[in-house]
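Quantities reported herein were computed from a predicted structural model and do not represent experimental measurements. Every chain is numbered from 1 and lettered A, B, ... according to where its sequence line falls, protein lines coming before strand lines.
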There are 2 protein chains.
Amino acid sequence: MTSKATSIDIAYRAGVSQSTVSRALRNSPLVNLETRQRIQAIAKEMNYKVDKNASNLRTQNSLTLALLICEDPTNDDSMINPFFLSMLGSITRATARQGYDLLVSFQQLSSDWHADYEDSNKADGIILLGYGDYVDYAHKLETLIEKNTHFVIWGAEHNNKAVLSIGCDNHQGGYIATEHLLSLGHKKIAFLGDSSSHSPEFRDRYLGHVEALNKADIQADEQLQHDAFNTEASGYEAANALLDSSVPFEAIFTASDLIAIGAIRALKKRGVLVPEHIAVVGYDDIPVASFANPALTTVKQDTQFAGEILVESVLKQIRGEEVSQQLLKTSLVVRNSCGANID
Amino acid sequence: MTSKATSIDIAYRAGVSQSTVSRALRNSPLVNLETRQRIQAIAKEMNYKVDKNASNLRTQNSLTLALLICEDPTNDDSMINPFFLSMLGSITRATARQGYDLLVSFQQLSSDWHADYEDSNKADGIILLGYGDYVDYAHKLETLIEKNTHFVIWGAEHNNKAVLSIGCDNHQGGYIATEHLLSLGHKKIAFLGDSSSHSPEFRDRYLGHVEALNKADIQADEQLQHDAFNTEASGYEAANALLDSSVPFEAIFTASDLIAIGAIRALKKRGVLVPEHIAVVGYDDIPVASFANPALTTVKQDTQFAGEILVESVLKQIRGEEVSQQLLKTSLVVRNSCGANID
DNA sequence: CTGAAAGCGCTTACAG
DNA sequence: CTGAAAGCGCTTACAG
């Protein structure tokens, strides 16, 4: 294998200086159009590609974004939150569209993401996904801010205004889900999902749920709220706890689709029909939601758009432009589990 | 924000030369142990990180792997093959464990991956996922080989021995699925999935299916094979075509779980019960499989292990070590859709 | 064990 | 419009 072509090789072939080659390849108007085209043609013919390390070193940027997916480490990869996986798709595409590369990593044991990515010049900015637990992770965020890291975090609004967060309006999502259930005539609506400050997103969904209830002059019954984190198994358990409590209920709103699927399994096992006996509404609209049985009515977060906004926001931040926290609207996808349509 | 520390800053603080700092940070035994530790301590204290672009430029490698997920472009990210997503998880972890970074990208329009990744020094090697269609893509693979690219491709064995492919033994997978169905007393077993050479993986599954049939002295009935590609909708259509054909059958083996889920939906819609009337076995064991209703009996590919092997293989190739094609064993996960367990 | 120096392949002020 | 030259921040042969 003959060794890689450099700009000097191109220069030699084109009979110009290396500087001119460099300019021509960046399509600089300083270079005579004809010369420019000739050089570009030669470069293409020789399969020449600018050495990324050299150009990055010189310009002191990397044209790369790092995506950090923060989840509790498990041995089982199938446990990765399917919602993040959808985001990954749109983030990857949006990054490519902007001419950047994407470095992907799962939660790092590392204590210092800033050093790992920006100081090493591996990435110009960081996108944090699933960084939900502001209590446990507050310290890490502090470090990022302190070092002036360019980063966006997906999730609930952060009380520190220096943190650029982008997320769906979880409060609104919880509100429309419960509003829908109320419109179907249900009054005793259970909520399955952690409502503590360790899960700010779930908590906001819960708060929206409560607000919808209140607006209909219904008191939220805390006996109808059961903690669950974002897995099918946890939803299964929470539904069982709810059933065991013998507190009557007509509908369940879950903080995620995974919880909903687990809850439905628990209900079925006890002979409770969904939606005939109990209506269920989930949250996320992960791909599985439409294949579930019954197909899940759920609150959809527009991952396509979210990915674009996330990427655009870090890039703006990198360019020193003004950026601000954003809350994206959610929408309700009505399928069968709520009983609005019986197929 | 004070500008980034360089090795020269560390050298100044430590009272040694920059070369010594560089050696100390790479933990070279050439440097006096005490000095080495002192320098490392200072570097840590100053949050110093070696500039990746500079070191890569100097050493002419990138310590980065590129993962290319090749799928037909869709606007809907949810369509990304869930199987690849599981692989992504294990590949990411395996890469990190080896001290490499991972660049992720979806199918490129680009004509020359070699130039895009290796010539630009962005990555030392490439992992190709979902590069199933050897007919349409043969040309691209030729280019990669011609340029001596370091790459592995996930999938069926390739007839060009220069292509390093790693994949599950699809033939064996198809065999055990059908063998299981036969052991449950079924004889008329339909196959849903493309069996042409455009889908070498599906085709091998089909061939394994046929072999199991033959071993039981059953002729494969081509009227029981219907093409389907890897989506729920396609499975739905294929099952409808099968039902419309009025050719009797007792069981269905599908080339993927997504196809199985679509097929089950079609069956249900016509009042056909699974597994009471028709037994179904899928392929992949994607996360959804266990949540499906009924829970899918399916052929499991060990994505955890596969990811590790894939990463290890490119790295070996990069280091110039001997590597060879590998076929990983699959295993059958018996759940409810086959009728072996009725819950 | 340590230092001075070359050089990886670019980009970009500076001079013409 | 073009070229000669400096320099980005490292690593590593070379010399001591």
Between [X] ([atom1]) and [N] ([atom2]), how many Å, whole number?
{"X": "B:Asn32", "N": "C:dT2", "atom1": "CG", "atom2": "C1'", "answer": "10 Å"}
{"X": "B:Asn53", "N": "C:dT11", "atom1": "CG", "atom2": "P", "answer": "12 Å"}
{"X": "B:Tyr12", "N": "C:dG3", "atom1": "OH", "atom2": "P", "answer": "15 Å"}
{"X": "B:Asp119", "N": "C:dC10", "atom1": "CG", "atom2": "C1'", "answer": "15 Å"}
{"X": "B:Gln18", "N": "C:dC1", "atom1": "CD", "atom2": "P", "answer": "20 Å"}
{"X": "A:Asp51", "N": "C:dG7", "atom1": "CG", "atom2": "P", "answer": "18 Å"}
{"X": "A:Ile8", "N": "D:dA5", "atom1": "CD1", "atom2": "C1'", "answer": "13 Å"}
{"X": "A:Asn61", "N": "C:dT11", "atom1": "CG", "atom2": "C1'", "answer": "11 Å"}

As a test of reading the structure: which of [options] is closest to the side chain of [X], going by heavy atoms?
{"X": "A:Arg23", "options": "D:dT12, C:dC10, D:dA4", "value": "D:dA4"}
{"X": "B:Leu57", "options": "C:dT2, C:dA5, D:dG9", "value": "D:dG9"}
{"X": "B:Arg58", "options": "C:dC1, C:dA6, D:dC8", "value": "C:dA6"}
{"X": "A:Ser55", "options": "D:dC10, D:dG9, C:dC10", "value": "C:dC10"}

**Asked** Quantified in whole Å, what is the C1' atom distance between nucleotide D:dT12 and nucleotide D:dG16?
**Response** 16 Å
Would you please confirm or rule out a distance under 4.0 Å between OP1 or OP2 of [N] and any side-chain N or O of [X]?
{"X": "B:Tyr48", "N": "D:dG9", "value": "no"}
{"X": "B:Arg26", "N": "D:dT12", "value": "yes"}
{"X": "A:Ser17", "N": "D:dG3", "value": "yes"}
{"X": "B:Thr35", "N": "C:dT2", "value": "yes"}
{"X": "A:Gln60", "N": "C:dT11", "value": "no"}
{"X": "A:Thr20", "N": "D:dG3", "value": "yes"}

**Prompt:** Does A:Lys4 pair with A:Asp9 as a salt bridge, N-O distance under 4.0 Å?
**Reply:**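 So A:Lys4 does not pair with A:Asp9 through a salt bridge.
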**Item:** Comparing B:Ala54 and B:Gly15 on DNA chain C - which has the more 5′ nearest nucleotide
**Value:**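 In this pair, the answer is B:Gly15.
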**Comparing B:Ser19 and A:Thr6 on DNA chain C - which has the more 5′ nearest nucleotide** =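 The 5'-side residue here is B:Ser19.
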When all nucleic acid strands are considered with a 4.0 Å heavy-atom cut-off, which category describes [X]: base, sugar-phosphate, or nothing?
{"X": "A:Ser7", "value": "sugar-phosphate"}
{"X": "A:Ser22", "value": "base"}
{"X": "A:Thr59", "value": "sugar-phosphate"}

**Fill in**
Checking A:Leu128, A:Asp119, A:Thr143 against A:Trp113 for side chain to side chain contact (heavy atoms under 4.5 Å, CB included), the one that qualifies is A:Leu128
Under 3.5 Å side-chain donor-acceptor pair for [X] and [Y]:
{"X": "B:Thr149", "Y": "B:Glu118", "result": "no"}
{"X": "A:Lys122", "Y": "B:Thr64", "result": "no"}
{"X": "B:Ser62", "Y": "B:Asp124", "result": "yes"}

**Prompt:** Which pair of non-hydrogen atoms, one from B:Phe106 and one from A:Leu88, has the smallest distance, and what is that distance?
**Reply:**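 The pair with the smallest heavy-atom distance is CE1-O, 4.5 Å.
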**Request:** Once you apply the 3.5 Å cut-off to both distances, tell me the Watson-Crick or G-U wobble partner of D:dG3, or none.
**Result:** C:dC14
